[in-house]
Structures are given as structure tokens and as C-alpha cells.
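Structure first, commentary second.
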Amino acid sequence: DTEVTQTPKHLVMGMTNKKSLKCEQHMGHRAMYWYKQKAKKPPELMFVYSYEKLSINESVPSRFSPECPNSSLLNLHLHALQPEDSALYLCASSPRDNYEQYFGPGTRLTVT
Amino acid sequence: RKEVEQDPGPFNVPEGATVAFNCTYSNSASQSFFWYRQDCRKEPKLLMSVYSSGNEDGRFTAQLNRASQYISLLIRDSKLSDSATYLCVVGGGSQGNLIFGKGTKLSVKP
């Protein structure tokens, strides 16, 4: 089973809202990732968790806050977003760093 | 030099054609190599890993040339369903993450 699930599929939020994106995998993978993808661009890495510890933060604004409650779950907390943050947010997992990554279907976020 | 560079595309080919995508990478310490495909408004899906010995999966053949830091993907007998964006992905950087190329769009026409 190479399934990564993400909720919600779509999210519309105002600039003053607080919301969270959720990601789950049950493949025993020890690395999990958040990416942001704009139209016609490749995925852009935001955060990497390795063995439940944040190992990479690619200079992402503090209005994005990741959380890894356990080895199967990854959250992305959103607060005071800007319209330019509208994008597809992808979660991925991997057995270990540098191994193949499996992506969830993404959350399509619109900030109004 | 960009870390992972791909043919800009788009590639517009008729059904049944053979099409080849090329990719170069800048970090000679890279350890892992992949091709992903991404359909419009969907997530990237792993197509195949790429090994030094080359590997084949049905109509798809991937090759790696470490000396030239070059990766290729060959698709034979193209199908309409092969229409997608193909992403060249390289791992093994200092931070252990994957580096994505910008992708090459393929359109297979009837």
C-alpha cells in the first residue's frame, strides 16, 4: 500500500482565518514532507520531518507552522495567510531521506 | 547552473511515436534518481527509479550516465494516456531531500 492521504481536498480561507492541513501515511515511512506547488511549476519544498524531527525548513514564512504528532501524521497549521499563498499543498512520505517519495493528492488552497 | 535541468518542451507527438526526455544534474554527489509523472491538477506519481545499469518497465526505459550527470527517459509506442508532465528528480543532496526539475510536458495526439 503506497497511499498517502490528505484532508481537506479543497480549502477556501480568509486572510484572518486559522486552519490546518492534515496528512497521514501507514507505510512505516520515517520521512515526511510538505511541498507547495503553483500552476505550471514543480513542487517547492517547504518542510522535512525525519524520524519525527524537523530537519529542513526552507525559509518558509512563520504563517506556516508544521507539526508532526507521530510517525504517521503530519499537520500544517495556517494563520494570517496572503492571497499569494493560494496553491496546491502536497504532502509526501519516504522510507528514508533520498529515497523515492510518495505524494498525497494534495489540498487545493485558496486565500481570499 | 540549475541543479536539475530538463528539456523545456512541450512535446507534441502522434500516438505510437517514440519520445525521449533528457535531464542533467549539477551535484556529482547525487545518489538517487527518479522520473515522476504529473497529470493536470493531480499529485506527482512515481514512474520509475533510475539505476546505473538502466531499467525498463514495459514501454518505458530509463538510463543514467553518472560520468555525464545525465538521465534519460524513453517512451515507446506512445498512448494518449501518456499525456502528462514528466518530472526528473534527483536525491542525495547535503540535506537529504529531492530536487525536482521543472518538468517537460508531453501531449500525445490521436
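Chain letters run A, B, ... following the sequence lines, proteins first, then strands; residues in each count from 1.
Here the closest non-hydrogen pair linking A/Tyr99 and B/Phe34 is C-CZ, 3.7 Å.
To the nearest 0.5 angstrom, A/Phe103 atom CZ is 15.5 Å from B/Lys42 atom NZ. Atom CG in A/Leu45 sits 8.5 Å away from atom CG in B/Leu98 (nearest 0.5 Å).
The environment of B/Lys45 atom NZ is sparse: at most 12 non-hydrogen atoms of other residues, nucleotides or ligands sit within 6.0 angstrom.
The hydrophobic clustering, which links ILVMFWY residues whose side-chain heavy atoms are closer than 4.5 Å, places A/Phe47 and B/Phe100 apart. Taken together through direct or relayed side-chain contacts under 4.5 Å among Ile, Leu, Val, Met, Phe, Trp and Tyr, A/Met32 and A/Tyr102 form parts of separate hydrophobic clusters. Hydrophobic clustering (side-chain heavy atoms under 4.5 Å, transitive across Ile, Leu, Val, Met, Phe, Trp, Tyr) groups A/Tyr49 together with A/Leu76. In this structure, A/Val111 is a member of the same hydrophobic cluster as A/Val60, with clusters built from ILVMFWY side-chain heavy atoms closer than 4.5 Å. Under a hydrophobic-cluster definition in which Ile, Leu, Val, Met, Phe, Trp and Tyr are linked whenever side-chain heavy atoms come within less than 4.5 Å, directly or via other members, B/Leu106 and B/Ile71 are assigned to the same cluster.
Side chain of B/Tyr36 to main chain of A/Gln101: a donor-acceptor pair is present (N/O by atom type, distance under 3.5 Å, no hydrogens or angles).
Side-chain atoms of B/Thr85 and A/Pro42, non-hydrogen and from C-beta on, never get closer than 4.5 Å to each other. With contacts defined as side-chain heavy-atom distances shorter than 4.5 Å, the pair A/Gln6/B/Glu43 does not qualify. In this structure, A/Glu58 and B/Asn97 have side chains that are in contact, with non-hydrogen atoms separated by less than 4.5 Å.
Residues A/Gln37 and B/Gln38 have side chains that bring a donor and an acceptor to within less than 3.5 angstrom of each other.
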